[in-house]
Student: 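Submitted below is the structure of interest, expressed as structure tokens.
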Amino acid sequence: MGLGVSVTVGTMETPKNQAKRIQARNAAMQTLNRVTAGVAFVAVAGVGLLGVVSAHTVPGVTSSSQASTTSSSTATTTTSSGVQSSSTSVGSSSSSGVAVSGGS
Amino acid sequence: MTDTVLWYTTRGAGAVSLVLLSAVVVLGVLSTLRFQSASWPRFLTTGLHRNVALIAVVFLALHIVTAVVDPFTHLGWLPAVIPFSSYYRTLWLGLGTVAFDLLIAVVVTSLVRGYIGHTIWRTIHWLAYGSWPIAVIHGLGTGTDAFSAWLLALTVMCVVAVAISIAYRLWAGSPDPLASARGAFRSAAERREER
């Protein structure tokens, strides 16, 4: 029993210590709230900033209108070339069919 | 809102989500190391880990919603929750869905931790270690500009930060001398509750 009493007295906190602990906890909670708000703010700003950076660095998009026109012109040429190539291939196939027909 | 704005917001939110998720992993590792100083008590690390995780989920939701509603991709809502169900970049997008589903499992079980018990919560929480690398691979595979210098630098910084924290965690071991005794006590208490 005597031992129990001494343990109880040993772990008791003075009001001064308790107030200090409460103050420290409140300060830490304030820090947590500030850091969380800061992270949220930086994240929102980050979405905007990285979105803009992404818009400027996306492959195939250039800032000057002249370069954009050139790119478009190149694309048109490629498509046209593709059609020509396909047409040639069909013609060649047809010619080959005629030769086979003549043989039989 | 134009398609272009949605597209850029998707990518901005994706990059920010990656940074936030990396911060969550690093803070999680720091909290297991019981890091503290005079001005930084231990519960601050745990609290920040939880708050940043919730912020990350919000930005991940923004990333997903803007991608789904973007008329250019025509993704629909199903690929946002069911992995590998998208016609568009099926594998890479599916990995993102897997990472998101794992993260949701981790967040939800953390919110109901008091009801499910420590062992189940801890087991599911380990999924976070799987979710993060899958998210990184999703970013590298799906991202239109994943290999542009700025995004590559951001990804490398995140990977290095997480790698250092995990390496330090493995090197330092458990800083809690009573960890095994505490774990045994928890398991015994849970078994008793189940009876």
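In the text below, chain A, chain B and the rest are named by the order of the sequence lines, each starting its count at 1.
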Student: With hydrophobic residues grouped by side-chain heavy-atom distances under 4.5 Å, do B:Val16 and B:Leu151 end up in a single group?
Tutor: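 Per the 4.5 Å side-chain linkage, B:Val16 and B:Leu151 are co-clustered.
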Student: When rounded to the nearest 0.5 angstrom, what distance separates CG in A:Asn33 from CG in B:Asn51?
Tutor: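 Going from CG on A:Asn33 over to CG on B:Asn51, the span is 7.5 Å.
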Student: Would a hydrophobic clustering, with Ile, Leu, Val, Met, Phe, Trp and Tyr connected at side-chain separations under 4.5 Å, put B:Trp126 with B:Trp121?
Tutor: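 Unlinked, B:Trp126 and B:Trp121 end up in two clusters.
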Student: Applying a criterion of heavy atom separation less than 4.5 Å, what residues of residues 42-50 of chain B form contacts with chain A?
Tutor: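 B:Phe43, B:Leu44, B:Gly47, B:Leu48, listed by number.
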Student: Just so I understand: if I count every heavy-atom pair under 4.5 Å between each of A:Ala27, A:Ala28, A:Gly46 and chain B, which residue has the most?
Tutor: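 Of the candidates given, the most pairs with chain B belong to A:Ala28.
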Student: Any side-chain heavy-atom pair from B:Tyr8 and A:Leu50 closer than 4.5 angstrom?
Tutor: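 Side chain of B:Tyr8 against side chain of A:Leu50, heavy atoms only: no contact under 4.5 Å found.
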Student: Report which part of A:Val42 has an atom under 4.5 Å of a heavy atom belonging to chain B: side chain, backbone, both, or neither.
Tutor: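 A:Val42 has no heavy atom closer than 4.5 Å to chain B.
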Student: Run the numbers on A:Val39 and B:Leu20 for side chain to side chain contact (heavy atoms under 4.5 Å, CB included), then give the verdict.
Tutor: CA-CA 9 Å; A:Val39 169; B:Leu20 288 173; 3.7 Å; yes
Student: B:Leu154 versus chain A, heavy atoms under 4.5 Å apart: side chain, backbone, both or neither?
Tutor: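 Contact with chain A is through the side chain of B:Leu154 alone.
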Student: Search all heavy atoms of B:Phe59 against all heavy atoms of A:Ala40 and return the closest pair with its distance.
Tutor: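 That would be CZ-O, 4.3 Å.
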Student: Shortest non-hydrogen contact from B:Ser148 to A:Thr57?
Tutor: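 For B:Ser148 versus A:Thr57, the nearest heavy atoms are OG-OG1, 4.4 Å.
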Student: Quick check on the hydrophobic clustering: are B:Val25 and B:Leu21 connected, directly or via other members, by side-chain heavy-atom contacts under 4.5 Å?
Tutor: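 Result: yes, single cluster for both.
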